[in-house]
Amino acid sequence: MAFENKFIQQRIEKAKLLKEAGFNPYSNESNRNTTIEKYLNVNSDIAEKENQRDENRHYCVSGRIKLLRIMGKASFLKIEDESGMLQVYVARDNLPEDFYNTIFKKNIEVGDIVEVNGYPFVTGKGELSIHATDFKLLTKAIAPLPEKFHGVTDKEIRYRKRYLDLIMNADVRKTFKIRSKVISLTRRFFEDKGFLEVETPMMHPIAGGANAKPFVTHHNALGIDRFLRIAPERYLKRLIVGGFEAVFEINRNFRNEGMDATHNPEFTSIEFYWAYKTYKDLIEITKEYFKYLFEHLNLPTVLPYGELEINFDNFTEVPLIKSLTTVGGVPAEVVNDKEKIVEFLKSKNLTVKPGMNLGQLQGELFDEFVEEKLVDPTFITEYPVEISPLARRSDDNPAITERFELFIAGREIANAFSELNDPVDQYERFKGQVDAKDAGDDEAHEMDEDFIDALSYGMAPAAGQGIGMDRLVMLLTNEHSIRDVLLFPAMKPVHNEEKTAEEE
RNA sequence: GUCUUGUUAGCUCAGCUGGUAGAGCACGUCACUUUUAAUGAUGUGGCCGAUGGUUCGAAUCCAUCACAGGACACCA
């Protein structure tokens, strides 16, 4: 049964009393004419005025009561709107007769959303406030807010009831404002570069574009299963075939995998594809993009991240093989020799899956010894072809691909390459994937004949990149769990006992 | 998936080697017209995550389960 909590009962009773007294506890007649932030700015001169007040200025502000101090015939409260917090001074004798004693003191409390008319003044302790000449309840909160000093810190409550987290924690609001700005700036950056924003299907007949398990849904009208997309890649490339030369999409991807500090089943990425460009151009535009973000977010280029300090002015490029020795400290004679790598990994007590090829082993070395050491932004380039099934081979060296991944604070932030546009080569690689799938790799790609068909008409040489927006926001806001940058992170449902009661 | 820690009042947390539950805030009542987590007095408030077990007796010990946090594994 809802509302059985005694505090809620008490407050429902107050709402009823207000109604009986002629005050609508859920009024929608709001007369607000300024935000708290504007109020504080416009009236910052009050301290210099005579008596530190100006009764000729009139404002109407609204907000939620966060603190309430009743002191006999006068009270102080702090109300908060989206823009900020304001102290309100309410005195019995400045309000209609009896209102203060019978309505305000008895039925107004922390959590309620109120409207205050009044004039600006500065208190004895020097705080710019509003002196109430009229006071009105807009919305009665029947659930009590968490404790005023500690707030709500329980992560489970914070994630499940994000609204409560947002009411109580200003820094959480700030994080999500930054997230919103990052998305908006990203959009603007690419638009200004001449990219076209597009929307491609979220429901795919064939899941592809990444190695991941998809969510499955069903289309009743057609009687067929659909897969929530794991990446938009193949549709964006079809658009390059169609003649759009620069496209991007900022949207959700869905992967049916585990959840942890850096994985949520749905996450946001930007993918962009750029005709007549190579991965080298992508390195340049990525640097520009970061510079643009930092300038427009007014962030210093050196940012703390937990124990680390990241210098976003210090982008470097290192070929993967070279990074193994220079960053990872792997002996030079080891890195290009299959047997020696296996021996080396074993000497470090690391298990090696049998049958790994040289490229895969080099990838192992990278994951074990290099990745976590890359703090400042580093483009790792020249990936072995064996671990880059979608990237174009280097013309100079067929063993490596024209690809990079960008690492910051030991994490992959972006993945990019010059795109494979040879339809026959692509067909062969899909076939290899299909064989792997038949052999039991349930994350291997499926044959996508429609995509091969598209490539057959000729896709201009192009380069494409994906950036994980959630992880990027984590870096910029010094957050260490993806749940702290998602407004409503995925949570297991709490067992609902009410159901069984209702069924009886 | 494995390991590990947690779950006690609306919130933040105590609760020793088992003896039927405590604080602060919030809420009720009283006092107080310049407070800053206001203050002082006083009172209400709990199926101690769920289910079993051990015991004369369980918030406490044991087992299972649920949810959450952390680490690792897997995955990009």
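Please read these numbers as outputs of a predicted model, since none were measured by experiment. Here is the naming used below: chain letters follow the sequence lines, and residue numbers restart at 1 for every chain.
- Look at rU4(B): its Watson-Crick or wobble partner, with both distances under 3.5 angstrom, is rG69(B).
- As a whole-Å value, the separation of Asp484(A) CG from rG69(B) P is 10 Å.
- Using bins of under 30°, 30° to 60° and over 60° for the plane-to-plane angle, the ring pair Tyr89(A)/His131(A) lands in the perpendicular bin.
- Here the P atom of nucleotide rC27(B) and the CD1 atom of Ile12(A) are 17 Å apart, to the nearest Å.
- For Arg69(A) and rA38(B), the CZ to C1' distance is 6 Å, given to the nearest whole Å.
- Ring stacking holds between Phe149(A) and rA37(B), with the centres under 5.5 Å apart and the planes within 30 degrees of each other.
- Among the heavy atoms of the strands lying under 4.0 Å from Met491(A) are primed sugar atoms or P, OP1, OP2 only; no base atom is included.
- Nucleic acid contact for Phe121(A): base, since at least one base atom lies under 4.0 Å from a heavy atom of the residue.
- Pairing of rA76(B), defined by two Watson-Crick or G-U wobble distances under 3.5 Å, is not identified with any nucleotide.
- Rounded to an integer number of Å, the gap from Lys105(A) NZ to rC30(B) C1' is 10 Å.
- Under the Watson-Crick or G-U wobble criterion, with both distances below 3.5 Å, rC13(B) is paired with rG22(B).
- Remark: the Thr153(A) side chain and the rU12(B) base include no donor-acceptor N/O pair separated by less than 3.5 Å.
- Gln87(A) contributes a side-chain N or O that forms a donor-acceptor pair with the base of rU35(B) under 3.5 Å.
- Residue contacts for Glu13(A): at a heavy-atom cut-off of 4.0 Å it reaches no nucleic acid atom on any strand shown.
- Spacing between atom CD of Gln9(A) and atom P of rA26(B) amounts to 22 Å, rounded to whole angstrom units.
- Searching all strands for a Watson-Crick or G-U wobble partner of rG43(B) with both distances below 3.5 Å returns rC27(B).
- Around atom CD of Glu446(A), more than 12 heavy atoms belonging to other residues, nucleotides or ligands sit under 6.0 Å away.
- Between Lys148(A) and rA38(B) there is a side-chain N or O to OP1 or OP2 distance below 4.0 Å.
- Annotation for Lys322(A): atom NZ does not count as buried by contact number, only 12 or fewer foreign heavy atoms lying within 6.0 Å.
- Nucleic acid contact class of Tyr89(A) (heavy atoms, under 4.0 Å, all strands): base.
- The distance from atom NE2 of His131(A) to atom P of rU33(B) is 14 Å, rounded to the nearest whole Å.
- Under 3.5 Å, the side chain of Lys78(A) and the base of rU36(B) form at least one donor-acceptor pair of N or O atoms.
- Here the C1' atom of nucleotide rG70(B) and the NZ atom of Lys155(A) are 9 Å apart, to the nearest Å.
- At the heavy-atom level, Asn256(A) lies nowhere under 4.0 Å from the strands shown.
- Across every strand in view, rA63(B) sits in a pair with rU51(B) that passes the Watson-Crick or G-U test at under 3.5 angstrom.
- Backbone-only contact: Asp154(A) has heavy atoms under 4.0 Å from sugar-phosphate atoms and none from a base.
- Contact record, Asn101(A) with Lys106(A): O-CG, 3.5 Å, taken as the closest heavy-atom pair.
- Separating the CD1 atom of Ile70(A) from the C1' atom of rC25(B) is a distance of 16 Å, rounded to the nearest angstrom.
- In this structure, the side chains of Pro25(A) and Leu137(A) come closer than 4.5 Å at one or more pairs of heavy atoms.
- The partner of rA38(B) is absent, by the rule that a Watson-Crick or G-U pair needs both atom distances under 3.5 Å.
- Gly151(A) comes within contact range of the sugar-phosphate backbone alone, with a heavy-atom separation under 4.0 Å but no base atom that close.
- In this structure, Arg471(A) reaches neither bases nor backbone, as no heavy-atom distance under 4.0 Å exists between it and the strands shown.
- We find that Glu20(A) and Lys16(A) are not joined by a salt bridge, their nearest charged nitrogen and carboxylate oxygen being 4.0 Å or further apart.
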